[in-house]
Amino acid sequence: QTFDVYAAASLKPAMDEIAADFMKQSKQTPRLSFAASSILARQIEQGAPADVFISANLGWMEHLQDLMTLNQAPKEVAMNRLVFASRSSVPLQPELPDILKRLDGGRLAVPLIASVPLGLYAAQALQSLGFLETLMPHLAQQDNARSSLISVSRGEVALGILYASDVASAPGVFSVSDISAQLHDRVTYQAIPITLQGAKFVDYLLLPQAQAVFQKYGLLAP
Amino acid sequence: MTVELNIQLQRDEFFLDAYLSAPAGVTVIFGPSGSGKTTLLRAVAGLERVDSGYISIDKANIVGQAPYKRAVGYVFQEPRLFPHITVLKNLKFAQKMGRMGGGQDVDEVIDLLELRPLLSRYSAALSGGEAQRVALGRALLSAPKCLCLDEPLSALDHALKQRILPYLERLRNQTKIPILYVTHDASEMARLADHIVLMQAGRSVLSGSATKVLADPAAVPFLGVRAAGTVISGCIMPPDPITGLAIMSFAGGQLILPELSQPAGREVRIRIAAQDIILATEMPKGLSALNIFHGVITDMHQGQGPGVMVQFRVGQTLFLARITQYSAGKMGLALGKTVFAIVKASAFDPAGIGT
Amino acid sequence: MTVELNIQLQRDEFFLDAYLSAPAGVTVIFGPSGSGKTTLLRAVAGLERVDSGYISIDKANIVGQAPYKRAVGYVFQEPRLFPHITVLKNLKFAQKMGRMGGGQDVDEVIDLLELRPLLSRYSAALSGGEAQRVALGRALLSAPKCLCLDEPLSALDHALKQRILPYLERLRNQTKIPILYVTHDASEMARLADHIVLMQAGRSVLSGSATKVLADPAAVPFLGVRAAGTVISGCIMPPDPITGLAIMSFAGGQLILPELSQPAGREVRIRIAAQDIILATEMPKGLSALNIFHGVITDMHQGQGPGVMVQFRVGQTLFLARITQYSAGKMGLALGKTVFAIVKASAFDPAGIGT
Amino acid sequence: MSWYTLSPVEIQAFTLSLWVATVSVVFSLPIATGVAFLLARRRFWGHGLLNALVHLPLVLPPVVTGYLLLVAFGRRGIFGPVLEVLGLQLAFTSAGAALAAAVMAFPLIVRAIRLALEAVDPKLEEAANTLGASPLRVFGFVTLPLILPGVLAGAVVGFAKALGEFGATITFVSNIPGETQTIASAIYALLQVPGQEAAVGRMIGLSVLLSVGALLLSEILARRMVRK
Amino acid sequence: MSWYTLSPVEIQAFTLSLWVATVSVVFSLPIATGVAFLLARRRFWGHGLLNALVHLPLVLPPVVTGYLLLVAFGRRGIFGPVLEVLGLQLAFTSAGAALAAAVMAFPLIVRAIRLALEAVDPKLEEAANTLGASPLRVFGFVTLPLILPGVLAGAVVGFAKALGEFGATITFVSNIPGETQTIASAIYALLQVPGQEAAVGRMIGLSVLLSVGALLLSEILARRMVRK
Ligand SMILES: Nc1ncnc2c1ncn2[C@@H]1O[C@H](COP(=O)(O)OP(=O)(O)OP(=O)(O)O)[C@@H](O)[C@H]1O
Ligand SMILES: Nc1ncnc2c1ncn2[C@@H]1O[C@H](COP(=O)(O)OP(=O)(O)OP(=O)(O)O)[C@@H](O)[C@H]1O
Ligand SMILES: [Mg+2]
Ligand SMILES: [Mg+2]
């Protein structure tokens with residue numbers, strides 16, 4: 001017996017492992033479908049047979065909640081942090097002059113600041129720091145967190161704002177300055193159970209066993 | 001079966017206005033380059049839209065009918081073989097598409113047109129003449145109700161033409177379908193034509209039975225002096241026991257012919273070109289020429305050059321001879337005068353002798 | 001300039017093995033369909049790779065040279081006009097590509113080939129004959145060192161041929177380039193050929209000067225009986241004051257010709273077909289035929305049919321006459337006997353009279 | 001598991017991709033041929049519109065195409081009820097993946113066939129006509145064989161495109177391993193997270209292998225066709 | 001701002017898309033023609049390889065292509081030093097966007113031109129040869145004019161593809177408004193957030209308008225070429 005889990009692509013390694021564990025201890029097999037949150041949300045809206053939807057994109061979460069009558073509220077299953085990342089391990093002073101010096105006329109890699117969650121949070125943080133206006137023309141907005149990571153790891157950009165979890169799993173990329181969680185909204189991954197079967201799986205995600213896996217991939221407990 | 005048409009059409013500056021009535025047999029369409037012969041044939045086949053007029057096969061108007069329903073076989077000026085299939089498949093395709101079924105026998109056509117060694121070739125590996133023969137075979141096999149042949153033999157050498165012409169003649173005699181035949185070759189025309197339509201600048205200027213048109217001094221400017229002459233029909237007699245030569249009897253006497261493979265009793269037609277006849281005022285003697293006729297001058301028609309066309313009657317047959325004005329004067333030729341006409345037996349082109 | 005070649009090549013089952021030496025002037029390549037005429041021309045132009053042998057223009061071996069460097073003008077059996085440009089641009093393109101520059105004058109070529117009304121047309125809107133004329137003009141304009149003409153006139157009517165042939169003759173006389181000319185038409189061959197190469201099943205079986213080959217009874221099986229005859233060269237005299245007819249003087253007497261637009265003093269060549277001569281044992285009288293020669297029989301050659309080829313000498317010129325065996329017997333013809341030969345003035349095809 | 005061993009999921013993706021690409025090309029070919037014929041040979045009202053429509057999947061971001069497919073053929077889509085009656089489900093099934101791939105490959109296939117059609121000498125079709133072949137038979141016996149190299153070219157490009165397509169696919173049928181996850185969407189998923197370079201490389205190698213194979217095959221076939 | 005008014009950012013995206021698509025097609029055409037000529041007319045060692053290489057952007061997920069572009073032409077890429085010497089920066093610039101679009105459109109353009117080349121009657125080229133035209137001139141005066149409809153078809157398909165392309169573009173040059181944000185990447189960005197349907201529709205309308213315009217123009221040109 002199978003059920004469908006729609007999850008944001010950035011959760012793939014952790015979810016793959018959790019799903020495998022889950023299968024071992026229950027007779028249910030979760031089928032994982034990874035894509036951009038926007039795609040998954042639209043599919044669910046169009047009647048996709050999803051049992052759970054897991055995403056970091058709160059916008060789409062709310063959109064779905066508005067649209068569908070869901071029995072259960074979304075649950076936070078993991079958290080993340082933002083960091084400034086670079087190929088060089090030299091720590092960064094989170095001040096404008098140092099940032100600009102590091103960029104050296106180059107660009108700061110972030111995902112799309114108007115749409116991709118990481119981009120949204122990064123923009124909020126820069127806004128709170130008061131850097132956004134100055135840095136705006138220096139931003140290289142990319143389609144997703146992964147692309148920004150590539151830009152940083154290939155040295156196309158001297159600096160990027162990335163998820164701490166991504167930086168942790170990417171060799172050759174260093175976190176050069178933490179970004180305080182106070183500067184932006186909570187970076188959370190939420191799961192919406194759509195069916196009963198889905199609800200069971202969401203419950204499982206909150207168990208320490210699953211949480212351990214999330215943490216293994218650099219995510220934080222909710 | 002008869003093809004009749006009276007059509008008008010305009011293509012840029014070119015205007016075609018043609019009238020034609022082609023009964024069973026061969027109607028040769030003759031005219032200079034660009035006079036509209038091909039356009040006329042295309043209109044009959046439905047490949048060219050006419051602006052006004054009618055085209056009928058067997059009284060049924062076919063204007064507006066789709067080309068493939070017209071059953072008009074067509075040999076184009078260029079071969080147009082299907083390049084992706086072999087010669088044999090080209091032929092088989094035609095046979096399959098021919099809707100009356102039957103049609104000609106593939107093997108017969110292959111042998112006649114000497115296509116056997118080519119059957120497994122593709123059109124790219126054929127010589128010009130070979131391709132044209134295949135195209136001809138293909139048209140014959142499609143079981144047409146009317147055949148349009150646009151210079152089908154002009155890429156062929158004389159010997160090959162002579163081997164194919166009798167077949168076209170047989171086709172004409174057996175199938176009773178009208179054949180519209182474009183050619184530039186006067187002897188081909190004389191041999192095959194039952195009817196002739198002369199085209200000039202898009203207009204059909206003269207038409208009628210071959211006998212009449214070829215012997216009509218008024219047609220000479222259109223045909224060219226070398227094409228003018230007489231077509232006489234007659235019957236093959238048993239060969240002369242002494243000379244072994246073939247003899248044809250016609251309304252006016254007997255004509256000795258060169259070698260001729262037609263059996264006795266067969267009706268044949270012969271063209272004697274006006275320039276091939278020598279006239280004499282006295283009975284010539286000791287000549288190699290075997291045919292000497294005795295006739296009465298019925299018409300004399302002076303051309304633009306130094307020649308005169310002399311029409312004379314032998315029995316009930318009218319002959320045409322072209323001689324110089326100088327000779328005519330010296331010999332004192334005039335209407336009603338008696339002349340001797342000398343015709344060489346070996347001057348007859350076997351290709352000019354048709355049934 | 002001379003083209004010499006001795007080449008071998010194999011295409012599937014077809015094997016070409018040709019030897020040829022073509023000096024300035026026209027070398028006619030004659031042979032049945034599929035005998036390799038086109039393949040030979042293509043090899044000269046570099047369009048067909050040869051397996052062995054050499055091809056030289058002016059002593060320089062061109063085997064292996066790229067086609068465009070050979071300066072071999074080519075008129076293909078089908079017109080091959082560039083469909084995306086007008087007739088005029090087709091011509092201009094050829095002129096531009098011609099590397100010796102100079103070449104023919106565009107306007108002259110246009111007038112001669114009667115292309116003026118076609119200049120702004122695209123090839124799709126040309127008749128078969130029109131397209132072939134443009135192709136001919138295009139080849140002439142490319143300033144070639146050698147011309148390959150593959151049946152260039154076979155799509156043209158008689159009158160048009162007669163207007164174009166003198167131009168080809170002038171070209172031959174003026175430019176001194178070798179012209180390799182494929183034709184099926186014996187009178188075209190007789191008029192133009194300086195040299196003749198007979199092809200048979202891929203082999204060049206007989207070659208030599210036109211005069212020799214055409215009067216050679218051994219060539220008759222290859223040429224066909226109707227093509228055999230005599231080519232005599234002579235000089236135009238002032239026209240006869242009484243008759244107004246043109247006169248040509250040759251080594252053997254004078255020949256009265258039909259209308260001829262050549263000025264007095266001009267050298268011309270005339271072909272008299274073997275079948276156009278009537279022989280007589282006594283001097284005929286009161287005939288319309290103006291040319292009566294007195295000759296001595298030098299050779300008699302019996303064909304497969306009922307005919308005999310009689311070669312006789314008039315002055316220093318050898319003539320060939322074809323008569324029936326029956327007549328020859330009746331007249332008691334034999335080597336050394338005296339005969340009278342009757343030739344009609346109006347039997348000469350002006351198209352058969354060349355310079 | 002050494003670097004060249006495929007996991008079962010990867011094998012599934014491989015098989016599915018092959019299936020999807022093949023099915024999509026096989027089904028589009030006849031339709032594409034028909035549309036190409038219309039575009040190349042007929043002048044009619046709406047010619048430009050049809051042409052634009054055919055090209056649309058090329059211009060639109062694939063995700064949009066996928067979304068439009070979802071709107072049209074999804075469970076709640078415009079044709080949803082019709083499909084339900086027919087017992088056919090497209091959204092989130094492999095059949096749907098084939099549909100998405102077909103739609104994306106369609107303009108490329110049509111273009112190739114149309115170009116081939118425009119290069120056919122109408123004189124040959126005229127000749128077939130005078131032999132008594134109806135337009136349909138002319139097409140079948142003359143035109144079609146003559147455009148086969150073009151059709152083949154279209155099929156190969158379409159096949160390659162269908163293999164590489166994931167934008168519309170992932171949107172229309174999602175990315176369910178074993179069901180709708182093609183190589184392309186598997187690569188996409190793998191690319192979203194760091195550290196999967198080996199797997200990505202393996203999958204790319206696979207899809208390149210597949211399409212290079214198709215390419216070579218088509219070249220050989222085309223050469224055989226032309227050689228005659 | 002009513003629904004049909006474009007914001008300055010949208011106008012920038014529109015202009016940039018037009019520029020990127022035009023530049024990419026203009027620059028690819030000659031190269032594509034050369035490659036198509038090689039593939040259609042020459043047999044050489046590596047023929048199959050070149051053919052496969054040309055088709056690669058079709059098969060690979062666009063993101064991979066973009067990534068490979070980065071590896072090749074990025075600052076630290078293989079050709080990075082060369083580009084730096086030339087003072088040319090591609091990553092994160094509009095020139096890079098054009099490069100990405102060109103690479104993605106390339107296989108389509110090559111295919112179209114190759115098909116057209118294969119349909120040219122070699123007899124006409126032979127004829128030009130005998131008139132003394134060198135291979136280069138034959139190509140310029142005969143072959144090229146004859147394949148122009150095919151080149152045009154390739155250009156249009158390429159243009160449409162370049163307009164619609166965003167996967168490789170966004171990966172290679174990111175999505176910087178006014179610099180590298182084309183209509184397609186703008187649409188992509190808009191699609192990431194809910195409730196932007198109106199804006200998405202407007203952008204799609206724009207890009208469809210552009211490519212339909214290009215299509216119609218090409219049809220008219222092609223008809224003019226063929227009419228003679
Ligand atoms: N590519 C080829 N492959 C095989 N055979 C060929 C090829 N091209 C020509 N042939 C054969 O070679 C022979 C000579 O062909 P060619 O075209 O030279 O003849 P031709 O003398 O010009 O004939 P025609 O007067 O009919 O034009 C023919 O039998 C033809 O079938
Ligand atoms: N599509 C066209 N548009 C304009 N004019 C045309 C078109 N097709 C043919 N013509 C012209 O119409 C005239 C008649 O052409 P047609 O092909 O019927 O001549 P034809 O008598 O067959 O000549 P030929 O003996 O040279 O083949 C020619 O002057 C030709 O240039
Ligand atoms: Mg014609
Ligand atoms: Mg030939």
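Because the structure is a prediction, the values reported are computed rather than measured.
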Determine whether more than 12 heavy atoms belonging to other residues, nucleotides or ligands lie under 6.0 Å from atom [atom1] of [X].
X      : atom1 : value
A:L196 : CG    : no
D:L136 : CG    : no
D:E84  : CD    : no
D:R42  : CZ    : no

Which members of residues 7-36 of chain A, sorted by number, sit under 4.5 angstrom from chain D on a heavy-atom basis? A:A9, A:S10, A:K12, A:P13, A:R31, A:L32, A:S33, A:F34, A:A35, A:A36
Please examine the side chains of A:R42 and D:T171, heavy atoms only from C-beta on, and report whether any two atoms are closer than 4.5 Å. no
Counting only heavy atoms closer than 4.5 Å, note whether A:Y6 contacts chain D via side chain, backbone, both or neither. side chain
Using non-hydrogen atoms and a 4.5 Å limit, figure out which bit of A:D166 sits close to chain D: side chain, backbone, both or neither. both
Would you name the heavy atoms of A:Q43 and D:F172 that are closest together and state the gap between them? NE2-N, 3.9 Å
Between D:V173 and chain A, with a heavy-atom cut-off of 4.5 Å, which part of the residue counts as in contact: side chain, backbone, both or neither? backbone
